[in-house]
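Below is one structure; the comments refer to it alone.
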Number of protein chains: 2
Amino acid sequence: MNDKFTVTQLCREFGVTPRALRFYEAKGLLHPAREGTRRRFGQRDKARLSLILRGKRFGFSLAEIGELLDLYHTDNTQVSQLTRTLEVAGRRLDDMRRQRDELAIAIEELQEQMDVVADLLTKKKTD
Amino acid sequence: MNDKFTVTQLCREFGVTPRALRFYEAKGLLHPAREGTRRRFGQRDKARLSLILRGKRFGFSLAEIGELLDLYHTDNTQVSQLTRTLEVAGRRLDDMRRQRDELAIAIEELQEQMDVVADLLTKKKTD
DNA sequence: GGTTACGTTGACGTTAACGTCAACATAAAT
DNA sequence: ATTTATGTTGACGTTAACGTCAACGTAACC
């Protein structure tokens, strides 16, 4: 079985705690199957989990991430729902582009400021 | 007086609440002067505030932002403190660069996935 | 058949970043 | 002198995203 994973396997692979996985499931972001009482995660859940974690790194809330995730399992989704999701995704995409541009500026500025301070430091040392 | 601002002026200009400003001050991120009992914010505080808000948009915590802010008022700072701050800033800069790269990838992926879904939508509509 | 190993569900605790509300101070305007 | 606007300090409430037990189930191994 290459595509069935247990809780601890996912935890190791993604560096999260079981509690977090349960939390994501409770929020409807993951839908692991059940073997008896235990969770079995499939490839879909793995893909979703990495999207979740990536979204978090960008500062998105789990609620926002949840809206986006629907974009990736459009199987039996209604047209109306898809349209709505596309709108949300479009806005999120704009956010990300703005964030990217702003980030580029901030990186440059921080680099410059670091240079200034580094200079100041060498001078202070030669006192 | 061109460089003295009241609470509400800053709030309007930056779109934050008075509570937030007080919170930042309590955390040591802002150091407004006092006229009697009231706060007077100067240019330095404005600069700091925009750095704070920018940091927040990148997902940094106020604690992390606080460490970085020292880089911008290095006036009477000790050499040891400056060195330490430079280290912190260096790490943060690496974080930002990683985030920038990852963000670029995520933007592309999201764009592609949106195209896929948009296609799927037009086909669904012609059913 | 006992003990690990791994899993489960509550239930409550925690931290960050404020929001909200009460009670009071002060300064300007009427 | 009293509204009105603007400010202040506590103190407590709130939300998101988990952490941390406790108590229990079950499957496998010795």
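Each chain gets a letter, A, B and so on, in the order its sequence line appears, and its residues count up from 1.
- Atom CZ in B:Arg40 sits about 11 Å away from atom C1' in C:dA27, given to the nearest Å.
- Between B:Pro18 and A:Arg12, the residue anchored nearer the 5' end of DNA chain C, judged by the nucleotide with its closest heavy atom, is A:Arg12.
- Remark: B:Thr6 is not in phosphate contact with D:dT6, judged by side-chain N or O atoms under 4.0 Å from OP1 or OP2.
- Rounded to whole Å, atom P of D:dG7 lies 16 Å from atom CZ of B:Arg19.
- Residue A:Glu64 contributes atom CD, which lies 14 Å from atom C1' of D:dA17 at whole-angstrom precision.
- The shortest distance between the side-chain N/O atoms of B:Tyr24 and the OP1/OP2 oxygens of C:dA17 is not below 4.0 Å.
- For the pair B:Glu35 CD and D:dT8 P, the computed distance is 11 Å after rounding to whole Å.
- Atom P of nucleotide C:dA16 and atom CD1 of B:Ile65 are separated by 13 Å, given to the nearest angstrom.
- Out of C:dT8, C:dA17, D:dT8, the shortest distance to the side chain of B:Arg34 is found at D:dT8.
- Paired with A:Glu102 under the rule salt bridge (Lys or Arg N to Asp or Glu O under 4.0 Å), one option of B:Arg100, B:Lys56, B:Arg57 passes, and it is B:Arg57.
- Computed from coordinates, the B:Leu30 CG to C:dA17 C1' distance equals 14 Å when rounded to whole Å.
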Give the intermediate values and the outcome of side-chain hydrogen bond (donor to acceptor under 3.5 Å, both in side chains) for residues B:Gln111 and A:Arg97.
CA-CA 11 Å; B:Gln111 179 65 64; A:Arg97 290 194 166 122; 3.0 Å; yes
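- A pairwise comparison of heavy atoms in B:Met114 and A:Leu71 identifies CG-CD2, 3.9 Å as the closest pair.
- Counting only distance, with no hydrogens or angles, the side chain of A:Asp45 and the backbone of A:Gly42 share a donor-acceptor pair below 3.5 Å.
- Rounding to whole angstrom units, CZ of residue B:Phe23 and C1' of D:dG10 are separated by 15 Å.
- Between the CD atom of A:Glu25 and the C1' atom of D:dC18 there is a distance of 15 Å, rounded to whole Å.
- Considering only side-chain N and O atoms, A:Thr17 lies under 4.0 angstrom from the phosphate OP1 or OP2 of D:dG19.
- Here the nucleotide nearest the side chain of A:Leu62, chosen from D:dT8, D:dC18, C:dT8, is D:dC18.
- You'll find that the side chain of B:Arg38 is closest to C:dT26, out of D:dA11, D:dA17, C:dT26.
- OP1 or OP2 of C:dC18 lies within a sub-4.0 Å distance of a side-chain N or O belonging to B:Lys56.
- In this model, the phosphate group of C:dT26 is not approached by any side-chain N or O of B:Thr37 to a distance below 4.0 Å at OP1 or OP2.
- No N or O donor and acceptor, one from the side chain of A:Arg22 and one from the base of C:dT8, sit under 3.5 Å apart.
- The two atoms that bring A:Glu64 and A:Gly59 nearest to each other are OE1-O, 4.5 Å, heavy atoms only.
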